[in-house]
Amino acid sequence: MKYFIFLFTLLPLSMYSQNNIEATLIKSTNFKADSIISVDNFGTIYYLKNNTFYKKSNNKTISYNNLQLGAITLANAFNPLKINLFYKDFNTAIILDNRLAEIFKIDFNNIQPYKNISHISSGFDNTLWVFNINTQKLELYNYKKNTTQAHSIPIQNKVLDLKSNYNYVWLLTTNHIYKYNYFGNLLEKTKNNGYTKLVESNGNIVLKKENALFYLKKDTKEPIPISLPNLLINQFFVTNETLYIYQNQKLQQFQLKIN
């Protein structure tokens, strides 16, 4: 009888532990930036400071700025050979190579039909995923050919975030989380339970809700809470199974224990 009492006492604890992902602090580094975009597998840091985009490696720091286009609204370094910056005030995107040299400028104001863009993210080859406010559609835009290769049906809710890899794209709106393939076909549509931001890593996504993070493993439906110390999450991103959180000029690095 005592054995069964002991077993049922441990069972809820076991279930709880399986429903949380442990995050172990590996490293905390002082770092001054307005925002950090990402850290790659080699430890290269991509960040913004004073409206300038920086790439900092172990022995070199290079930068890019374009003051004529105003403030950098979004930056994406998923493909380090084709980094994209978005200047929303001028409805313009800039594509940079790995030396931060400008290789392409996309002025959406001069494209016919006109595209009023709110979000962008990297696509494959010479494409960008863009959300067109005029049509309320997610579009896969080829900037070399000036063609739209795929698009979604109109999205009725406000778009909060957009992230992609070479095969898939995730669109976070106030009501739903959408997942599409590179043909623009809708694969999944799930209810948004208060999430406001997302990041992608190897097909998995991490979602932010208030001051907490949740891990949604690919091919699953339920986000799992990530156990973290009490800290303010200004920014976050994931490289493989390493979670980075930037707050109060500290870049903190956590190892995620994912089953």
Worksheet item: Under a 4.5 Å cut-off applied to non-hydrogen side-chain atoms, are Ile226 and Phe254 in contact?
Response: no
Worksheet item: Does the side chain of Asn116 come under 3.5 Å of the side chain of Asn132 through a donor N or O and an acceptor N or O?
Response: no
Item to complete: Answer yes if the side chains of Gln252 and Gln247 hold a donor-acceptor pair under 3.5 Å, and no otherwise.
Response: yes
Practice prompt. For this output row, return yes or no: ring centroids of Tyr64 and Phe53 closer than 6.0 angstrom.
Written response: no
Discussion item. Is there a side-chain contact between Thr92 and Phe108 in this structure, where contact means two heavy atoms from C-beta onward sitting under 4.5 Å apart?
Written reply: no
Discussion item. Between Lys55 (side chain only) and Asn98 (backbone N and O only), is there a donor and an acceptor less than 3.5 Å apart?
Written reply: yes
Fill in: Backbone N/O of Tyr168 and side chain of Asn181: donor-acceptor pair under 3.5 Å
no
Worksheet item: Are Thr29 and Lys250 close enough that some pair of their side-chain heavy atoms sits under 4.5 Å apart?
Response: no
Discussion item. I'd like to know if the side chain of Asn51 reaches the main chain of Asn65, judged simply by a donor and an acceptor atom lying under 3.5 Å from each other, with no hydrogens or angles considered.
Written reply: no
Fill in: Ile153, CD1: over 12 other non-hydrogen atoms inside 6.0 angstrom
no
Discussion item. Run Tyr244 and Leu251 through side chain to side chain contact (heavy atoms under 4.5 Å, CB included) and show every step you take.
Written reply: CA-CA 7 Å; Tyr244 294 88; Leu251 180 60; 4.1 Å; yes
Worksheet item: Is a side-chain donor or acceptor of Thr127 paired with a backbone partner of Asp125 at a separation under 3.5 angstrom?
Response: no
Fill in: NZ/NE/NH1/NH2 to OD/OE distance under 4.0 Å, Glu241 and Lys257
no
Worksheet item: Does a side-chain heavy-atom distance below 4.5 Å link Lys56 with Tyr47?
Response: yes
Item to complete: Without swapping roles, check the side chain of Asp40 against the backbone of Thr44 for a donor-acceptor pair under 3.5 Å.
Response: yes
Discussion item. Any non-hydrogen side-chain atom of Asn193 less than 4.5 Å from a side-chain atom of Lys191?
Written reply: yes
Fill in: Any side-chain donor near an acceptor of the partner, Lys158 and Asn175, under 3.5 Å
no
Worksheet item: Got Lys179 and Lys189 here, is their nearest side-chain heavy-atom distance under 4.5 Å?
Response: no
Practice prompt. Just jot down the ring-ring contact (aromatic ring centres under 6.0 Å, His included) partners of Tyr246, sequence neighbours excluded, or say none.
Written response: none
Worksheet item: Is there a donor-acceptor contact under 3.5 Å from the side chain of Asn165 to the main chain of Asn167?
Response: yes
Worksheet entry | Minimum-distance pair of heavy atoms, taken over all atoms of Leu74 and His119 | CD1-CA, 3.8 Å
Worksheet entry | Heavy-atom pair of closest approach, residues Phe104 and Lys144 | CE1-CD, 3.6 Å
Item to complete: Measure from the side-chain N and O atoms of Glu200 to the backbone N and O of Asn202, and report whether any donor-acceptor pair falls under 3.5 Å.
Response: yes
Discussion item. With side chain to side chain contact (heavy atoms under 4.5 Å, CB included) as the criterion, how do Thr220 and Lys217 come out once you've worked through the C-alpha distance, each side chain's angles and the decisive distance to 0.1 Å?
Written reply: CA-CA 6 Å; Thr220 63; Lys217 195 172 182 179; 3.7 Å; yes
Fill in: Intermediate values then yes/no, side chain to side chain contact (heavy atoms under 4.5 Å, CB included), Val39 and Tyr46
CA-CA 6 Å; Val39 179; Tyr46 301 86; over 6 Å; no
Discussion item. Within the 4.5 Å heavy-atom criterion, are Ile245 and Gln235 side-chain neighbours or not?
Written reply: no
Item to complete: Assess the side chains of Ser122 and Asn76: does a donor N or O sit below 3.5 Å from an acceptor N or O?
Response: yes
Worksheet item: Which residues satisfy the salt bridge (Lys or Arg N to Asp or Glu O under 4.0 Å) test with Asp97, sequence neighbours excluded?
Response: Arg99
Item to complete: Tell me yes or no: between the side chains of Lys115 and Thr148, is some donor less than 3.5 Å from an acceptor?
Response: yes
Response to the item:
Residues Thr52 and Ser63: closest non-hydrogen pair is CG2-CB, 3.7 Å
Worksheet entry | Nearest heavy-atom neighbours spanning Ala150 and Phe183 | CB-O, 3.3 Å
Practice prompt. Would you confirm whether the ring centroid of Tyr166 sits within less than 6.0 angstrom of the ring centroid of Phe124?
Written response: no
Worksheet item: Checking Thr242 side chain against Gln255 main chain: does a donor-acceptor pair fall under 3.5 Å?
Response: no
Worksheet item: Between the side chains of Asn204 and Tyr215, does any donor sit under 3.5 Å from an acceptor?
Response: yes
Fill in: No-hydrogen, no-angle side-chain donor-acceptor test under 3.5 Å, Asn240 and Asn41
yes
Response to the item:
On a heavy-atom basis, the closest approach of Lys209 and Tyr195 is CB-CD2, 3.7 Å
Item to complete: Please report the shortest heavy-atom distance between Leu216 and Pro223, naming the atom on each side.
Response: CD1-N, 3.7 Å
Worksheet item: Okay, side chain of Lys208, backbone of Ile233: is any donor-acceptor separation there less than 3.5 Å?
Response: yes
Worksheet item: After noting the C-alpha distance and the side-chain angles of Leu128 and Asn142, does the key distance pass the side chain to side chain contact (heavy atoms under 4.5 Å, CB included) rule?
Response: CA-CA 7 Å; Leu128 289 175; Asn142 189 312; over 6 Å; no
Worksheet item: Would you call Ile120 and Asn84 a side-chain contact if the rule is heavy atoms closer than 4.5 Å?
Response: yes
Discussion item. With side chain to side chain contact (heavy atoms under 4.5 Å, CB included) as the test, pick out the partner of Tyr54 among Thr61, Leu100, Leu48.
Written reply: Thr61
Worksheet entry | Side-chain ion pair, Lys163 and Asp161, N-O less than 4.0 Å | yes
Worksheet entry | Enclosure of Tyr182 OH (heavy-atom neighbours >12, cutoff 6.0 Å) | no
Fill in: Qualifying residues under side chain to side chain donor-acceptor pair (under 3.5 Å), relative to Tyr178, sequence neighbours excluded
none
Worksheet item: When you measure from the side chain of Asn91 to the backbone N and O of Ile117, does any donor-acceptor pair fall under 3.5 Å?
Response: yes
